[in-house]
Amino acid sequence: MTEKNLNIYNTLTRKKELFEPLHPPYVGLYVCGPTVYGDAHLGHARPAITFDLLFRYLKHIGYKVRYVRNITDVGHLENDCDDGEDKIAKKARLEKLEPMEVVQHYTTRYHQDMDALKVIRPSIEPHASGHIIEQIEMIESILDKGFAYEVNGSVYFDVVEYNKKYNYGKLSGRKLDDLICNTRDLEGQDEKKNNADFALWKKASPNHIMRWKSPWGEGFPGWHIECSAMSKKYLGEKFDIHGGGMDLLFPHHECEIAQSVAATGNEAVNYWVHNNMITINGQKMGKSLDNFITLREFFNGNHKALKKEYSPMTLRFFILQAHYRSTLDFSNEALIAAEKGLERLMEAKNKIEKIEPGKKGNVSIDQIKNKCYDALNDDLNTPIAISHLFDAVKIINSAFDKKTSLDKSQIDELSNLFNIFLNDIFGIESSQQADSSDDNKVEELMDVILEVRKNAREKKDFQISDYIRDKLNELNIEIKDTKEGASWSIKKS
RNA sequence: GGUUUCGUGGCCGAGUGGCUAGGCGGGGGUCUGCAAAACCCUUCACAGCGGUUCGAAUCCGCUCGAAACCUCCA
């Protein structure tokens, strides 16, 4: 199909590297998913869309991809909570719900939001709570290898011991000595041999709701073990790509490396890929900073920082217009700009089939296509690829206006270009679904209205024709008079 | 304090030794009954100071400023 010369930035080496899977044509991809204790915000959309793009592109260039993205429903400590109660448990008590009820609620809503963004669901979406046994097994093998110790029903990873044989900090560029000196004092710290050690298993306090039996008593798994255990289970001891947000680099991913190496002796991941943050007023949008805007709020415009609502496709396009390793700053202006740009792109796409074929034009669609592939092969450079699609927009518009001419094969190539890149790879789809039978009625109705208006215009009765246009405009239906007659579309705002 | 990044035009964002990024906005024009759309033209740039080089926004150094991580976070 195409040359598989995808280059991807590997955080481990801090370089762009040619992507070569361990077992072609199969590719194993693991991405850290959400902790389901609240609605997803714009920040959550970034890794979802970034790795959706990678998933789509890998498949497009011919790989068979198993994409695993976990749901974290256990194990994250609340920072203001002294008894080691995890986030899910805390929320559950506040709302007097079963923890699993909270998990189910927010998982469903997460799925709805991701579906709206046209994020393809992963091949496997394992829950941490469903893999307690696997996590316990992994902890046992780390204990067996002598890289962990048990204290009081909790098990900690012995970073110092591990660092004697391996290199703790290789991913994030940290040195163990600095870590030991610089770590803050936290609850339960006194149980650890060293500050830098981290929990593999935590003993549950009496009021802790989420608890499981283990060889060390009742408790719950540590902060990082789920990803190691589940990636091993579904992708093997060694797999190709592990993704996630940059904020997970340390300690989460660093600990994952240590756990896998300690348990199996193998470096599990070949390529570490990290997306950057979305910022708001120059600061990371995040749960703890309380400066986040949920996806639902974007979709319906219900947030004081939003001037209007923004469609899922606008958000998707907004995210794709920046390179995934750059920070992306949110603002209404930027989103409106993205919305308009996307509209231009979509309108051009819809015009392709209406172009009348003529003489072969002096443009190379193939060249644009190759440039798009080059851009994506260069560490998924979507902004560049999109800029080439805008070049194609100019070609389309000018042919549609009969200022230039394209032959049948060029028109087909354009259609193909947009189908491949805009739809298949970028996952941008028309937000106007024409799938219900009601829409046919609307279609017929609009034909009648436009016919009336056309007659009025021919009689130069512009009062009537403008009245129709203005009234429809009030209903968010926009009329455009082109040389081929009037067309209508529903405005998104 | 340590680790890792970044600082591009009115806004968002690519690029990274010499060749137009792109989008949005602003200005002018063509088209149109008027609009809208489209098309054409146009404006505004690489934080500062040194250095390397025939040539730097791009490499190096310093200064200033910002962010992420070091604690749950996408």
Side-chain angles (χ1 to χ4, degrees), chain A residues 11 14 31-35 37 40-51 72 75-81 86-87 169 172-175 177-179 181-186 196 223 243-252 254 274-279 282-289 292 317-318 321-323 325-345 347-348 351 375 378 381-391 393-394 396-398 400-401 403-404 457 460-462 465-466 469-470 473 478-483 487 489:
Chain A
T11 311
R14 315 253 166 203
V31 175
C32 291
T35 304
Y37 64 107
H41 58 71
L42 185 60
H44 293 99
R46 190 138 201 219
I49 288 170
T50 299
F51 294 104
T72 296
H76 285 263
L77 284 169
E78 195 78 82
N79 60 358
D80 56 352
C81 197
D86 78 32
K87 278 183 176 169
S172 54
R174 270 155 232 261
K175 292 187 178 65
D177 292 346
D178 299 337
L179 289 169
C181 299
N182 291 321
T183 307
R184 268 211 242 160
D185 283 338
L186 291 170
W223 303 266
M246 252 178 201
D247 50 352
L248 297 178
L249 227 150
F250 190 90
H252 186 56
E254 198 70 71
H274 291 95
N275 63 275
N276 214 320
M277 301 293 104
I278 288 181
T279 57
Q283 218 184 17
K284 172 184 162 186
M285 185 180 282
K287 212 131 227 167
S288 51
L289 293 162
F292 61 92
F317 187 69
F318 173 66
Q321 258 194 319
H323 187 253
R325 284 194 290 115
S326 299
T327 55
L328 172 60
D329 200 50
F330 152 82
S331 69
N332 282 283
E333 264 187 309
L335 277 174
I336 289 167
E339 184 177 58
K340 292 198 174 160
L342 175 61
E343 202 177 331
R344 185 149 174 250
L345 217 43
E347 282 186 10
K351 278 188 205 165
D378 184 15
N381 200 328
T382 49
I384 291 292
I386 288 169
S387 79
H388 294 309
L389 290 186
F390 277 108
D391 291 341
V393 168
K394 284 195 176 166
I396 293 165
N397 284 331
S398 121
F400 183 77
D401 285 355
K403 289 187 174 151
T404 55
R457 289 184 73 211
K460 305 229 184 275
D461 188 348
F462 298 121
S465 70
D466 289 354
R469 187 173 65 197
D470 293 346
N473 199 44
E478 193 174 38
I479 302 296
K480 286 173 194 165
D481 292 316
T482 67
K483 289 195 176 78
S487 73
S489 61

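Only this structure's heavy atoms are used, side chains among them; waters, hydrogens and symmetry mates stay out. The shown structure was predicted, so the numbers you read here are calculated from the model rather than taken from an experiment.
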Practice prompt. For G9(B) versus A57(B), give the span between their C1' atoms, rounded off to a whole number of Å.
Written response: 12 Å
Item to complete: Rounded to the nearest angstrom, tell me the gap between atom CG in Asp247(A) and atom C1' in U4(B).
Response: 13 Å
Worksheet item: Do Arg469(A) side-chain and A35(B) base share a donor-acceptor contact under 3.5 Å?
Response: yes
Worksheet item: Is His388(A) reaching over with its side chain to a backbone N or O of Ala385(A), donor-acceptor style, under 3.5 angstrom?
Response: no
Fill in: Non-neighbouring partners of Lys287(A) that pass salt bridge (Lys or Arg N to Asp or Glu O under 4.0 Å), sequence neighbours left out
none
Fill in: Comparing Met277(A) and Lys460(A) on RNA chain B - which has the more 5′ nearest nucleotide
Lys460(A)
Item to complete: Under the side chain to side chain donor-acceptor pair (under 3.5 Å) rule, collect the residues that match up with Lys175(A), sequence neighbours excluded.
Response: none
Discussion item. I'd like the P distance from C12(B) over to A47(B), given in whole Å.
Written reply: 15 Å
Item to complete: Classify the side chain of Asp481(A) and the base of C31(B) as holding, or not holding, a donor-acceptor pair under 3.5 Å.
Response: no
Worksheet entry | N or O in side chain of Asn397(A) less than 4.0 angstrom from C39(B) OP1/OP2 | yes
Response to the item:
Sequence neighbours excluded, the answer for side chain to side chain donor-acceptor pair (under 3.5 Å) partners of Asn332(A) is Tyr310(A)
Worksheet entry | Options C39(B), C12(B), A74(B), nucleotide nearest the side-chain atoms of Phe318(A) | C12(B)
Worksheet, complete the sentence: Only residue of Glu347(A), Lys403(A), Lys351(A) satisfying side-chain contact (heavy atoms from CB on, under 4.5 Å) with Asn397(A) is Lys351(A)
Response to the item:
Checking Leu335(A), Leu342(A), Thr382(A) against Phe317(A) for side-chain contact (heavy atoms from CB on, under 4.5 Å), the one that qualifies is Leu342(A)
Worksheet entry | Minimum-distance pair of heavy atoms, taken over all atoms of Arg325(A) and Met246(A) | O-CE, 4.2 Å
Discussion item. My understanding is that only residues two or more places apart in sequence, or in another chain, count here; which of them pass side-chain contact (heavy atoms from CB on, under 4.5 Å) with Leu248(A)?
Written reply: Cys32(A), His252(A), His253(A)
Discussion item. Give me the distance, rounded to whole Å, that separates U3(B) from C46(B) when you measure between the P atoms they each carry.
Written reply: 32 Å
Fill in: Length of the CG-P vector between Leu289(A) and A67(B), whole Å
11 Å
Could you go over nucleotides 16-23 of chain B and give all protein N or O partners under 3.5 Å, atom names and distances?
from: G23(B); atom 1: OP1; to: Arg344(A); atom 2: NH1; distance (Å): 3.4

Practice prompt. Check whether the aromatic ring of Phe462(A) stacks on the base of G33(B), taking stacking as ring centres less than 5.5 Å apart and planes within 30° of each other.
Written response: yes
Discussion item. On RNA chain B, does the nearest nucleotide to Thr279(A) precede the nearest nucleotide to Glu347(A) from the 5' side, or the other way round? Give the residue.
Written reply: Glu347(A)
Discussion item. Taking any heavy-atom pair under 4.0 Å as a contact, classify Lys175(A): base, sugar-phosphate, or nothing.
Written reply: nothing
Worksheet item: If the P atom of U30(B) is compared with that of G48(B), how far apart are they to the nearest Å?
Response: 40 Å
Discussion item. Closest approach to the side chain of Ser326(A), judged atom by atom: which nucleotide of A74(B), A14(B), A35(B) is it?
Written reply: A14(B)
Practice prompt. Taking only the side-chain heavy atoms of Arg174(A) (C-beta and beyond), determine which of C11(B), C69(B), G13(B) contains the nearest atom.
Written response: C69(B)
Worksheet item: Taking the same atom, C1', in U53(B) and in G2(B), what whole-Å distance lies between them?
Response: 35 Å
Worksheet item: Got a sec, which residues hit side chain to side chain donor-acceptor pair (under 3.5 Å) with Arg344(A), two or more places apart in sequence or on another chain?
Response: none
Worksheet entry | Lys403(A) NZ to C41(B) C1', straight-line distance once rounded to whole Å | 12 Å
Worksheet entry | Basic-acidic side-chain contact under 4.0 Å: Arg469(A), Asp466(A) | yes
Item to complete: Toss me the dot-bracket line for RNA chain B: Watson-Crick and G-U wobble, both under 3.5 Å, 5' to 3', using | for pairs to another strand and [ ] for crossers.
Response: (((((((..(((.....[...))).(((((.......)))))....(((((..]....))))))))))))....
Worksheet item: Is any side-chain N or O of Lys287(A) under 3.5 Å from a base N or O of C72(B), one able to act as donor and the other as acceptor?
Response: no
Practice prompt. Only counting residues at least two apart or in another chain, list the ones meeting side-chain contact (heavy atoms from CB on, under 4.5 Å) with Arg174(A).
Written response: Ser172(A), Leu179(A), Phe250(A)
Worksheet item: Heavy atoms under 4.0 Å, any strand shown: does His274(A) hit a base, just sugar-phosphate, or nothing?
Response: nothing
Worksheet item: Can you name the side chain to side chain donor-acceptor pair (under 3.5 Å) partners of Ser387(A), sequence neighbours left out?
Response: none
Worksheet item: Rounded to whole angstroms, how far apart are CG on Asn275(A) and C1' on C73(B)?
Response: 12 Å
Discussion item. Using a heavy-atom cut-off of 4.0 Å across all strands, would you classify Leu249(A) as base, sugar-phosphate, or nothing?
Written reply: nothing
Practice prompt. Output the single nucleotide from G13(B), G15(B), G33(B) whose closest atom is nearest the side chain of Asn381(A).
Written response: G15(B)
Item to complete: Sticking with atom C1', work out how far A56(B) lies from C49(B), rounded to a whole angstrom.
Response: 15 Å
Discussion item. Side-chain N or O of Thr35(A) versus OP1/OP2 of A74(B): is the shortest distance under 4.0 Å?
Written reply: yes
Response to the item:
Here the distance between atom P of A68(B) and atom CD1 of Ile278(A), to the nearest Å, is 14 Å
Discussion item. Taking only the P atom of each, what is the distance from A36(B) to G25(B) in whole angstrom?
Written reply: 12 Å
Fill in: Lys284(A) side chain near C69(B) phosphate (N/O to OP1/OP2, under 4.0 Å)
yes
Item to complete: Look at all strands and tell whether Gly43(A) reaches a base, only sugar-phosphate, or nothing, counting heavy atoms closer than 4.0 Å.
Response: base
Fill in: d(CZ, Phe292(A); P, A74(B)) in whole Å
10 Å
Fill in: Atom pair distance, as rounded to whole Å: CG in Asn473(A) and C1' in A35(B)
10 Å
Discussion item. Suppose you measure atom P in U16(B) against the same atom in C41(B); what distance do you get, rounded to whole Å?
Written reply: 27 Å
Response to the item:
Leu328(A) atom CG is separated from A68(B) atom C1', nearest whole Å, by 15 Å
Item to complete: Determine the contact category for Asp329(A): base if any of its heavy atoms lies under 4.0 Å from a base atom, sugar-phosphate if only primed atoms, P, OP1 or OP2 are that close, otherwise nothing.
Response: sugar-phosphate
